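Single-structure report; data block below.
Here the structure is a predicted model, which means the values were calculated and not measured.
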Amino acid sequence: MAIDVMREAREAEEEGTAREDAAPAPETPTMISYLRRLEASHRGSVKAPWATDLLKELHYALDDRVAERFALLEDQLRSPDWGQRREAIDMSGLLLSGWRGPHEESVRLLGEQLREAEPRIVRWAAGELQWLYAIGAPAADSLAGRVAAGPDHPTQAQWNETSYGAALSALAAQGDTRAVPGLVEVLRFGHVPEELGGWIDRMGPDEAAALLPVLVRRLSLIDPEEQPERTGFLLDAVAAVRPAEVVEPVLRLLRAPGRRGTRVRAAVARALPRLGATAREALPELRELAQERDPGHRVDVAAALWSAGGEKDVVLSVLSKGLAAERWFQRYDALRTIARMGAEAAELLPDLRRLRELPGDNGGWVAGTLAVALWQVGRDPEESMPALLHAWSEHRDNRPDVAEVWAQMGSSAAPAVPMLRQELAAARRYDNTGGRGRIRYRCADDEQLLRHGRAVLAECGDR
């Protein structure tokens with residue numbers, strides 16, 4: 001009914017005609033009342049100031065009825081009314097990131113907004129698509145077309161805040177190599193995005209090789225006393241392209257004398273594990289950093305030492321202390337490194353088992369990283385399964401990583417089938433517990449969860 005009303009209103013406006021007012025229907029607190037008010041608002045013009053609010057309320061009233069919501073959204077995105085499409089763009093970010101459903105046409109229509117002359121529409125639509133990169137393929141050509149047209153103005157230091165920059169970021173987030181020439185230009189002097197390393201990972205090192213000269217140049221200009229965040233972002237990006245190119249700038253930053261550059265050295269330590277064996281030249285500096293007092297810092301250094309081929313006994317000692325730390329995030333960081341080490345951290349299995357028996361220290365996100373670490377280190381399905389089931393129920397954010405472990409287990413993950421079957425049947429994405437406004441959910445993680453969950457069900461014969 002709502003879609004028919006909107007279409008009739010558009011046709012009436014295009015033809016320059018107006019419909020006669022009908023007698024008002026009685027108000028009742030139902031969805032039908034929403035629709036009647038919506039119809040009344042559209043009789044004169046689709047530009048009625050409160051019509052978009054009614055459409056938003058209708059979306060919320062429909063809740064998990066995703067087929068109807070996607071149909072409504074698609075019609076809104078086709079509207080010639082600027083205000084209605086603005087509201088549709090905002091709703092698309094909430095709906096597409098938070099609900100599973102027939103999203104392809106909605107994503108394509110969201111991409112069509114980038115063909116608009118109005119830069120705000122372009123920026124808003126591209127901003128939503130950047131969140132939706134995991135399902136954004138239907139909009140890729142529209143994004144690439146906008147990027148190929150070039151910026152409207154000379155690129156700025158905060159290029160990502162422009163309509164061109166938003167489109168470039170959304171295209172790069174998909175790992176689309178058509179973003180590389182634009183990134184080369186804006187990264188010469190402009191803002192370095194936190195997500196840059198992830199974008200390059202999705203492109204692949206060979207496809208992103210043209211970015212290497214500008215990234216290395218930017219890294220070589222870093223002042224050891226400043227810009228720790230930018231340092232980490234650049235290190236991640238260069239390591240994703242060609243790790244060997246990072247060694248010289250890394251050594252310069254690690255060797256800054258005394259207290260000078262402490263914050264930058266911490267950023268370097270966090271990024272170093274990506275370099276692997278190419279960071280061997282940094283082993284003396286890493287050994288020294290491993291003796292510093294900050295336990296969180298030491299865990300980062302231990303991860304870098306291990307990846308560079310440093311002394312395993314030093315690494316395991318630091319990680320064992322991390323597992324006994326008072327603060328949950330220190331235990332969390334240590335567990336993540338242990339999971340990456342896998343069987344090489346087998347000496348820490350008794351520590352992992354002790355932590356598993358401490359409910360006060362084994363909750364929330366820690367439960368998820370502990371369950372993953374138990375599996376990666378011990379590879380024992382019987383021992384790991386109780387911890388994985390606990391982590392699944394303990395915190396929703398654990399579910400993508402837990403599902404990935406179950407996919408690795410194959411048929412041994414059969415006890416998880418009922419939970420996975422229930423999760424995959426849900427209309428909402430795993431972390432969607434309700435909400436309005438500018439909330440955006442982790443669409444990419446949910447797509448990973450769906451992929452691994454389906455693999456487990458197929459492996460266990462549950463189709």
Donor-acceptor pair, [X] side chain versus [Y] backbone, under 3.5 Å?
{"X": "N398", "Y": "T369", "value": "no"}
{"X": "S317", "Y": "D313", "value": "no"}
{"X": "S320", "Y": "L316", "value": "no"}
{"X": "R252", "Y": "I222", "value": "yes"}
{"X": "E459", "Y": "M409", "value": "no"}
{"X": "R218", "Y": "L187", "value": "yes"}
{"X": "R428", "Y": "D64", "value": "no"}
{"X": "R331", "Y": "G322", "value": "no"}
{"X": "R146", "Y": "V122", "value": "no"}
{"X": "Q113", "Y": "L109", "value": "yes"}

A208 versus V180, closest heavy-atom pair with distance: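 It is CA-CG2, 4.4 Å.
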Is it the case that the side chains of Y441 and D431 hold a donor-acceptor pair, with the cut-off being a distance below 3.5 Å and no angle test?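 On atom types as modelled, these side chains do not qualify, holding no pair under 3.5 Å.
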Is it the case that H59 and Q76 place a side-chain donor and acceptor less than 3.5 Å from each other?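 Yes - a donor-acceptor pair under 3.5 Å links their side chains.
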Is [X] salt-bridged to [Y], cutoff N-O under 4.0 Å?
{"X": "R108", "Y": "E105", "result": "yes"}
{"X": "E161", "Y": "R123", "result": "no"}
{"X": "R100", "Y": "E423", "result": "yes"}
{"X": "K321", "Y": "D351", "result": "no"}

More than 12 heavy atoms of other groups within 6.0 Å of [X] [atom1]:
{"X": "R327", "atom1": "CZ", "result": "no"}
{"X": "Q158", "atom1": "CD", "result": "yes"}
{"X": "R336", "atom1": "CZ", "result": "no"}
{"X": "W365", "atom1": "CH2", "result": "no"}
{"X": "E344", "atom1": "CD", "result": "yes"}

Test salt bridge (Lys or Arg N to Asp or Glu O under 4.0 Å) on R440 and D90; report intermediate values, then the result. CA-CA 10 Å; R440 298 296 179 264; D90 190 62; 3.3 Å; yes
Kindly compute the distance separating [atom1] ([X]) from [atom2] ([Y]), expressed to the nearest 0.5 Å.
{"X": "L352", "Y": "W375", "atom1": "CG", "atom2": "CH2", "value": "14.5 Å"}
{"X": "R429", "Y": "L96", "atom1": "CZ", "atom2": "CG", "value": "8.0 Å"}
{"X": "Q174", "Y": "Q130", "atom1": "CD", "atom2": "CD", "value": "10.5 Å"}
{"X": "S393", "Y": "L388", "atom1": "OG", "atom2": "CG", "value": "11.0 Å"}
{"X": "L73", "Y": "R78", "atom1": "CG", "atom2": "CZ", "value": "9.5 Å"}
{"X": "L110", "Y": "L95", "atom1": "CG", "atom2": "CG", "value": "11.0 Å"}

Does R69 make a cation-pi contact with W99 (under 6.0 Å, within 45 degrees of the axis)?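 Yes, R69 sits over the ring of W99.
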